[in-house]
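Below: the structure, in structure tokens.
The shown structure was predicted, so the numbers you read here are calculated from the model rather than taken from an experiment. Worth knowing before you read on, the calculation uses all heavy atoms, side chains too, and leaves out hydrogens, waters and symmetry mates.
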Amino acid sequence: MLPRLLSLAACVLTTAATAAAAPPRPNVVFILCDDLGYGDTSCYGQQKFQTPHVDRLAAQGMRFTQHYSGHNVCAPSRCVLMTGKHPGHAYIRNNRTMVGDEGQEPVPAGELKLPLAFAQLGYAVGGFGKWGLGSVSSSGNPLTQGFARFYGYNGQGVAHNFYPTYLWDNDRKVPLDNHEFSAHQPLPADADPHAPASYQRYQGSQYSADLIAEQARVFLRAHKDRPFFLYFPTTVPHLALQVPDDSLAEFRDKFDDEPYVGDRRYLPHIAPRAAYAAMITRLDREIGTLINLVDELGLADNTIFVFTSDNGPLYDRLGGTDSEFFNSAGGLRGYKGSFYEGGIRVPCIVRWKGHVAPGTTSDFVTGFEDWLPTLLELVGAADLTPSDIDGISFAPTLHGLHQETRALLYRESPGYDGQQSLRVGDWKIIRTNLEPNRKAKRQQPGSFELYNLAEDPAETTDLAEKYPWVLDELAKLAAAEHVPSKLFPIPALDGP
């Protein structure tokens with residue numbers, strides 16, 4: 001009996017020692033930019049300004065050239081990211097503001113599997129920036145969806161102003177030292193558009209992006225001794241064009257800049273091109289500070305950094321932006337709100353020292369629905385991956401291994417500008433006029449266009465007539481990927 005007891009005790013001690021020696025699960029820092037285009041960082045070709053800290057992530061990790069946001073606008077893109085479901089299956093499929101309550105259409109309880117899974121694993125889960133998936137009084141409150149800490153904007157409308165009168169600290173409004181003004185107003189007719197004083201009314205004392213980044217660093221320091229998931233959905237460079245004067249001064253005389261007087265929505269600005277470059281440059285520095293903090297705390301080898309954007313850059317010089325001047329879409333067709341490549345192909349960088357080879361580039365096709373299974377596999381919890389998602393893990397690609405081409409990548413958007421797109425290999429179909437008439441209850445869907453992205457990444461030549469059999473096969477796949485939604489119907493596809 002005694003030998004057996006001694007043997008059992010030795011086994012228990014060995015197991016305990018092994019558990020104690022096991023390395024902690026890796027941390028995750030997920031940086032999600034807002035309306036940052038494929039060409040808006042220098043490691044993706046930006047020539048008008050530099051982003052050295054984002055470039056550092058790319059030099060120390062893997063840069064993806066064919067990564068797709070979850071959607072072409074904010075809220076549904078975030079829903080795809082958090083659920084692993086593409087827009088044909090996801091709960092949120094378009095932007096929708098709730099009447100009488102700050103915030104967007106709320107996701108149901110238990111819907112956001114990504115933060116919930118990390119919370120289940122014992123991670124400290126914190127979000128800092130823009131939410132957009134439900135008000136604090138709804139089932140979409142981040143504190144009920146796996147987050148233990150949230151600081152920033154709950155609703156997208158308030159986030160249009162970088163000098164708001166308050167931000168949310170968990171479920172509490174924190175007043176800021178800013179005067180109240182609308183983020184959607186033109187310059188008064190009697191104001192001189194060339195005088196800096198005319199724009200002082202659109203500034204405040206506390207710049208939200210600075211406050212949010214500071215709270216993210218506080219969270220990181222507080223949880224340096226346990227695994228953490230830091231979600232950083234910054235509002236930069238979403239409109240309105242607003243940036244502190246010290247950042248604006250860096251670019252004030254670098255561009256041929258004419259004042260924007262506010263005639264295309266959002267706030268006016270004396271130097272809109274300089275403001276855009278300054279906003280991204282200031283964000284790049286904040287990212288550098290975050291990287292440095294992780295390195296200084298000795299966490300670099302055990303922290304996965306992700307950098308990406310929720311959709312493409314803005315269109316038609318909306319709010320004073322000039323995506324054409326900056327080549328923000330990187331030569332791709334389309335902008336935010338479109339399923340052409342410029343609207344959904346976004347920058348994506350992953351750094352994990354010692355695990356992801358530095359300075360590497362991948363053309364493997366990936367999308368926001370893939371982050372849930374990929375991150376869970378990277379942290380050793382692939383068994384928590386739900387079975388009903390559309391995403392695939394691209395962890396093998398990150399580890400430098402060969403991976404079979406994904407079956408397909410599907411996107412859709414309801415509404416009067418209803419769209420569908422589907423990619424299989426290098427082939428892509430897209431149609432853009434599912435519901436061109438707001439009052440139409442039902443109509444025949446528009447025609448698909450067909451492109452070969454390997455030969456024509458800018459989607460200049462429609463091959464539908466040349467390869468009708470390819471188009472037909474892809475159209476059948478697209479039809480199969482659409483599941484009707486009561487909240488976000490597409491009458492042209494769903495019927496009356």
Side-chain angles (χ1 to χ4, degrees), residues 33-34 101-103 126-132 135-137 141-143 147 149-188 191 195-222 230-252 260 262 265-272 274-276 278-290 293 319-320:
C33 300
D34 200 343
D101 195 6
E102 180 188 343
F128 303 87
K130 186 173 86 173
W131 181 241
S135 71
V136 296
S137 62
N141 182 339
L143 299 183
F147 287 86
R149 174 90 169 95
F150 180 81
Y151 183 89
Y153 296 95
N154 179 278
Q156 294 174 176
V158 181
H160 294 171
N161 191 342
F162 283 85
Y163 293 100
T165 57
Y166 68 90
L167 290 172
W168 286 96
D169 186 343
N170 288 340
D171 53 2
R172 181 175 64 91
K173 278 186 180 181
V174 177
L176 303 182
D177 184 20
N178 295 324
H179 65 283
E180 186 171 355
F181 60 91
S182 169
H184 300 270
Q185 58 177 300
L187 196 69
S198 298
Y199 302 87
Q200 298 268 323
R201 69 195 79 198
Y202 310 124
Q203 289 183 301
S205 300
Q206 293 182 286
Y207 190 61
S208 63
D210 291 352
L211 301 177
I212 290 166
E214 180 184 5
Q215 289 300 315
R217 293 191 295 271
V218 169
F219 174 85
L220 196 156
R221 290 190 188 95
L230 197 168
Y231 175 52
F232 188 64
T234 174
T235 50
V236 179
H238 195 294
L239 293 167
L241 292 172
Q242 295 168 291
V243 69
D245 289 340
D246 61 332
S247 286
L248 184 66
E250 298 178 48
F251 296 94
R252 187 66 179 86
Y260 163 63
R265 297 175 56 195
Y266 296 96
L267 291 172
H269 201 284
I270 192 171
Y276 190 77
M279 289 172 73
I280 296 175
T281 300
R282 195 178 186 95
L283 170 64
D284 182 69
R285 289 193 183 118
E286 290 288 7
I287 292 171
T289 302
L290 202 56
L293 179 57

Answer yes or no: is there a side-chain heavy-atom contact under 4.5 Å between [X] and [Y]?
X: Q156; Y: H238; value: no
X: N141; Y: F150; value: no
X: Q185; Y: L267; value: yes
X: F232; Y: I212; value: yes
X: P233; Y: D34; value: no
X: Y266; Y: L241; value: no
X: T289; Y: L293; value: no
X: Q206; Y: Y163; value: no

Nearest 0.5 angstrom please: [X] [atom1] to [Y] [atom2], how far?
X: L283; Y: T234; atom1: CG; atom2: OG1; value: 5.0 Å
X: D284; Y: E286; atom1: CG; atom2: CD; value: 10.0 Å
X: L167; Y: K173; atom1: CG; atom2: NZ; value: 11.0 Å
X: T165; Y: F181; atom1: OG1; atom2: CZ; value: 9.5 Å

Exercise for review: Going by the ring-ring contact (aromatic ring centres under 6.0 Å, His included) test, name the single residue among W131, F219, W168 that passes it with F147.
Suggested key: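 One option only clears the test, and that one is W131.
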Under 3.5 Å, is there a donor-acceptor pair between the side chain of [X] and the main chain of [Y]?
X: Q242; Y: F162; value: yes
X: N170; Y: R172; value: no
X: Y199; Y: L187; value: no

Closest heavy-atom pair and its distance - [X], [Y]:
X: P268; Y: G262; result: CB-N, 3.7 Å
X: G320; Y: P272; result: O-CB, 3.2 Å
X: S247; Y: A278; result: O-CB, 3.5 Å
X: I280; Y: P237; result: CG1-CB, 3.8 Å
X: N154; Y: G103; result: OD1-CA, 3.5 Å

Exercise for review: Under the side-chain contact (heavy atoms from CB on, under 4.5 Å) rule, what do N178 and N161 come out as? Steps first, then yes or no, please.
Suggested key: CA-CA 11 Å; N178 295 324; N161 191 342; over 6 Å; no
Check your understanding: With distance as the sole criterion, is a donor-acceptor pair present between the side chains of Y153 and S208 under 3.5 Å?
Key ->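 Short answer, yes.
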Point to revise | From H269, R282, M279, residue fulfilling side-chain contact (heavy atoms from CB on, under 4.5 Å) relative to L248 | key: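 So the option named by the test is H269.
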Practice item. Carefully, step by step, assess R149 and D169 under the rule side-chain contact (heavy atoms from CB on, under 4.5 Å). Key: CA-CA 8 Å; R149 174 90 169 95; D169 186 343; 2.5 Å; yes
Check your understanding: Where do Q203 and D245 land on the side chain to side chain donor-acceptor pair (under 3.5 Å) test, with the steps shown first?
Key -> CA-CA 10 Å; Q203 289 183 301; D245 289 340; 3.1 Å; yes
Practice item. For the pair R217 and L290, evaluate side-chain contact (heavy atoms from CB on, under 4.5 Å) and give the outcome as yes or no after the intermediate values. Key: CA-CA 7 Å; R217 293 191 295 271; L290 202 56; 4.0 Å; yes
**Study point:** Residue pair R252, I270: steps toward the side-chain contact (heavy atoms from CB on, under 4.5 Å) verdict
**Key:** CA-CA 9 Å; R252 187 66 179 86; I270 192 171; 3.5 Å; yes
Exercise for review: May I ask you to check whether Y231 and F128 place their ring centres under 6.0 Å from each other?
Suggested key: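 Between F128 and Y231, the centre distance exceeds or equals 6.0 Å.
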